[in-house]
Amino acid sequence: MSQPNYYMHPNRQYRDNPLIEALGQPLTMQQFYALSELPFINNVDLTGVDASLHGYYIRTQIDQLNDVYAVQDEAYRLYDVMRRMIEAGYDKRNPLRTDIRRILTAIDRDKTNPNQVAYLSSLELYSVLQSYLLIGLSGRGKSFMVRRILKLFDQVIEHFNYTDHKGQEHTLDQSQVTYLYVEIHERRGQKALLLNMLEALDEVTGQAYAYEHRNRSVNELITIVRKLLIGHSVGLVVVDEAQNLAKSSRNEVLSINEKTSIKFVEELFNRVGVPIMLVGTFATLALFERETTIGRRVTKNGSMLLASCDSNSSFWNRFIRLLCQTQLLKNQSTSVDILCRHIHYLSAGIPAIASSLVRATLAYLTFLEPQDQDLSIASLDLVFNREFRVLTPALTALRKGDYHKFEDFEPMLMLESVASHSDVMTQITPPPAMNLVQGEVELSDKPVSSQIEVQKRKKLDQLSPSVLLGQLGYNLDKAQPK
C-alpha cells in the first residue's frame, strides 16, 4: 500500500478526481526504460573456491540470465494505453461527487447481497468501457511485458485527505486498487473465472471474498464481482491466456459447468464497467471469426498483434547482447553481431526460445576446455540440434509461412505486416527462402483461406506422390491410368 502523491491533472475533465490524480505524472520514455530493464549482475566471487568447481558456480550465474529483461520496442506504447485506460475508467467514479459517495456507501453496506444492485445503473459506466487486445506468438514475451508494466503502478493506494485545486479539503476513507491480473485456465468454467477475480482482489486487500462466496451461483457472483470492483475502485483488469476461452455458442447460458466464452467475458465487463485488457496467443483470433460485435467491443482502445521479433529491431539487438554474457567464458571470439543474426534464425525470433538456447549453450561451453569456450554458430547449432530439436517442425513452419501445419499458427494466415514508421499497411512479400513474419502485424483485408481450405492443405501435405497420383487414377509403377 502507498500514500497518494496527488498531481493536478492538466485535463480539466479529470481534474479534482482523487482516483486519477493519485496516479501522479506518467513516466517519460527514458524513465520507463530505466525502471523496466532488468540487467545482468555478476555476483559470483570465486576467491578461494576449488578450480574444479568454478564451472558449476558459473553455471548458477548463467541460470540467472532467465531473470534479465530487455524492454520490448512496443512496451512504452502499451504502457501509455494502459495508463490512459485506467484514467478514463475512473472518470465517472469520482469519489468527491455526492452521488458516487452515496453509491460507494451502499456497496459497502450490502456488498455481500447479490440482490441489491439497481443503484449501480446510475453510474452509467457502459458508455465509458475501455478495452484492449494484446495478441502474439507464444514465447514472444507478452505476459512478462504486461506484468512489468503493471509493476510501475502502485497497486493499492489509500486515500484519507484530499485538497482540490481550489484549496478545499475533503476527507476520504477509501482504498483504490489500480489493477488486477487474472489468468484464464483451460477447461474451467464461468464460476472459476469469477472466483479467480475475487482471489486476485483478496490477495491485495487482505479480504476473503472468494471463500465467502464460493457457494454462490454464477449470476450472483457476477453481481458481487461488479460491486466489489467498483467498491474497491479497481482501475483495470488484465485477463491473460485469453486463447483458453471457448468460442461463443448461439445460446449462451450462465452455469457453473459452462465453459468460459469470449462472449461471457465481454458481457461480464460490459456490465461491470471496469476497463479490461485481454492477452493471448494468435489462437485468440479464432474466437472472433463469427463475433464481429464482440471483436469490436473488446478492441475499443485498439489492439496490438506481435509476430516474431524483427531481427533488425532495437529490442532484438539489446536482448541478445544482454543474454550473451560471454565474459563468463574463457576464449570468446565470435562477434555478437553474428550471434544476433544466427540466434534469430534458430529461434525464429521468439525471445523465450532464444533465451533458453543461449543459456543452454553457455552452460554446455563451461564444461569444455578453456580454449574451446567460444559462443559460436557451431556451438549454438550443436546445442539446438541436441536439446531443442523437438521445436524444429514448428519453427520451420514459422520460417516458411506454413501456418496451416499447426493449429496454433492457423490464425496467422490472416496477418499482414505494419510498415515501420509509417501508417501504410503493406502485404508481406518475404524473400523466397524466408517467409518469417516479423514485428508488429495487423489483420489483412485480403480474403483468408476458409477452414475447409486449410484442412485440404493439411491433407495434401500428408499425401505422398504415389498416393496422390493414385487418387488421380494413375499407377506409378506402370505409368498408366488404372
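For L96, the side-chain contact (heavy atoms from CB on, under 4.5 Å) partners at least two apart in sequence or on another chain are P18, N94, Y162, H170, L172. Shown here are the side-chain contact (heavy atoms from CB on, under 4.5 Å) partners of E199, two or more places apart in sequence or in another chain: N196, A210. Residues meeting the ring pair (Phe, Tyr, Trp, His ring centres under 6.0 Å) test with F32, sequence neighbours left out: Y76, Y79. Listed by chain and residue number, R318 satisfy the salt bridge (charged side-chain N to carboxylate O under 4.0 Å, His left out) test with E37 (two or more places apart in sequence, or in another chain). Listed by chain and number, the residues in a ring pair (Phe, Tyr, Trp, His ring centres under 6.0 Å) with Y90 amount to none (sequence neighbours excluded). Scanning for side-chain contact (heavy atoms from CB on, under 4.5 Å) contacts around V146 gives L78, M82, L134, L150, V238, M277, V279, with sequence neighbours left out. In terms of the salt bridge (charged side-chain N to carboxylate O under 4.0 Å, His left out) criterion, residue partners of R83 (sequence neighbours excluded) are, by chain and number, E87. Qualifying ring pair (Phe, Tyr, Trp, His ring centres under 6.0 Å) partners for F384, counting only residues two or more places apart in sequence or in other chains: none. Evaluation of the side chain to side chain donor-acceptor pair (under 3.5 Å) rule for H159 yields Y6, Q176 as partners, not counting sequence neighbours. Residues that satisfy the ring pair (Phe, Tyr, Trp, His ring centres under 6.0 Å) test with Y179, not counting sequence neighbours, are absent from this structure. For R140, the salt bridge (charged side-chain N to carboxylate O under 4.0 Å, His left out) partners two or more places apart in sequence, or in a different chain, are E74. Residues satisfying the salt bridge (charged side-chain N to carboxylate O under 4.0 Å, His left out) test with D164, not counting sequence neighbours, are none.
Checked by atom type and distance alone, the side chain of E21 pairs as donor or acceptor with a backbone atom of H9 at under 3.5 Å. Using modelled atom types, no side-chain atom of R214 and backbone atom of L195 make a donor-acceptor pair closer than 3.5 Å. A donor-acceptor pair under 3.5 Å is formed between the side chain of R399 and the backbone N or O of L346. Judged by distance alone, the side chain of R148 and the main-chain N or O of L35 form a donor-acceptor pair under 3.5 Å. A donor-acceptor pair under 3.5 Å is formed between the side chain of Q438 and the backbone N or O of S311. D402 contributes no side-chain N or O that, together with a main-chain N or O of T396, makes up a donor-acceptor pair within less than 3.5 Å. Remark: side-chain polar atoms of S36 are not paired, donor with acceptor, to backbone N or O of Y33 under 3.5 angstrom. Panel note: side chain D202, backbone Y209; a donor-acceptor pair is recorded below 3.5 Å. Checked by atom type and distance alone, the side chain of Q243 pairs as donor or acceptor with a backbone atom of T281 at under 3.5 Å. T178 places a side-chain N or O within donor-acceptor distance of the main-chain N or O of D154, the cut-off being under 3.5 Å.
Crowding of Y211 atom OH: a count of heavy atoms from other residues, nucleotides or ligands under 6.0 Å not exceeding 12. Dense packing is recorded around CD of Q31, with more than 12 heavy atoms of other residues, nucleotides or ligands lying under 6.0 Å away. In N5, the CG atom is not crowded: 12 or fewer heavy atoms of neighbouring residues, nucleotides or ligands sit closer than 6.0 Å.
In this structure, F282 and L137 approach most closely via the heavy-atom pair CE1-N, 3.5 Å. Residue I224 comes nearest to H213 through the heavy atom pair CD1-ND1, 3.4 Å, listed as atom of the first residue, atom of the second, then distance. Residues W316 and S347 come closest through the heavy atom pair CH2-OG, 3.6 Å. For the pair P351 and C309, the tightest heavy-atom approach, listed with the atom from each and the gap, is CG-SG, 3.6 Å. K191 approaches L221 most closely through the heavy-atom pair CG-CD1, 3.5 Å. The minimum heavy-atom distance linking S143 with D240 is given by the pair OG-OD2, 2.5 Å.
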Using side chain to side chain contact (heavy atoms under 4.5 Å, CB included), reason through V237 and L229 one step at a time and then give a plain yes or no. CA-CA 9 Å; V237 177; L229 294 190; 4.2 Å; yes
Using the side chain to side chain contact (heavy atoms under 4.5 Å, CB included) rule, take V274 and R93 through it: C-alpha gap first, then chi angles, then the decisive distance, then the call. CA-CA 10 Å; V274 171; R93 289 191 277 165; 4.1 Å; yes
Let's go through D80 and R84 carefully: what are the C-alpha distance in whole Å and the side-chain angles of both, what is the deciding distance for salt bridge (Lys or Arg N to Asp or Glu O under 4.0 Å) to 0.1 Å, and is it a yes or a no? CA-CA 6 Å; D80 181 86; R84 288 186 287 112; 2.7 Å; yes
Dump the intermediate steps for side chain to side chain contact (heavy atoms under 4.5 Å, CB included) on T284 and L245, then the final yes or no. CA-CA 8 Å; T284 310; L245 292 167; 6.0 Å; no
Let's go through L236 and I276 carefully: what are the C-alpha distance in whole Å and the side-chain angles of both, what is the deciding distance for side chain to side chain contact (heavy atoms under 4.5 Å, CB included) to 0.1 Å, and is it a yes or a no? CA-CA 6 Å; L236 172 69; I276 178 178; 5.8 Å; no
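Two residues are said to be in side-chain contact when any heavy atoms from C-beta on lie closer than 4.5 Å; I353 and L395 meet this criterion. Inter-residue side-chain proximity for L362 and L323 is flagged as unmet; no heavy-atom pair is nearer than 4.5 Å. With a 4.5 Å cut-off on side-chain heavy atoms, T205 and L228 do not count as touching. Counting heavy atoms from C-beta on, the side chains of L306 and I135 never come closer than 4.5 Å. Side-chain contact between L38 and D67: absent, with no pair of heavy atoms (C-beta onward) separated by less than 4.5 Å. Side-chain contact between R216 and V225 is absent, with no heavy atoms from C-beta onward closer than 4.5 Å. Residues C340 and N317 are in side-chain contact: their nearest non-hydrogen atoms beyond the backbone lie under 4.5 Å apart. Side-chain contact between P275 and I86 is absent, with no heavy atoms from C-beta onward closer than 4.5 Å.
The aromatic rings of F315 and F319 sit parallel, their planes meeting at an angle under 30°, below the 60° perpendicular limit.
Defined by atom type and a distance below 3.5 Å, a donor-acceptor pair is present between the side-chain atoms of N42 and Q61.
Distance NZ/K142 to CD/Q72: 9.5 Å, rounded to 0.5 Å. In this structure, M145 CE and Y69 OH are separated by 6.0 Å, a value rounded to the nearest 0.5 Å. Note that the CG atom of N219 and the CD atom of Q190 stand 10.0 Å from one another [nearest 0.5 Å]. Rounded to the nearest 0.5 angstrom, R15 CZ and M8 CE are separated by 4.5 Å. In this structure, CG on L65 lies 11.0 Å from OG on S356, to the nearest 0.5 angstrom. Rounded to the nearest 0.5 angstrom, D73 CG and S313 OG are separated by 5.0 Å.
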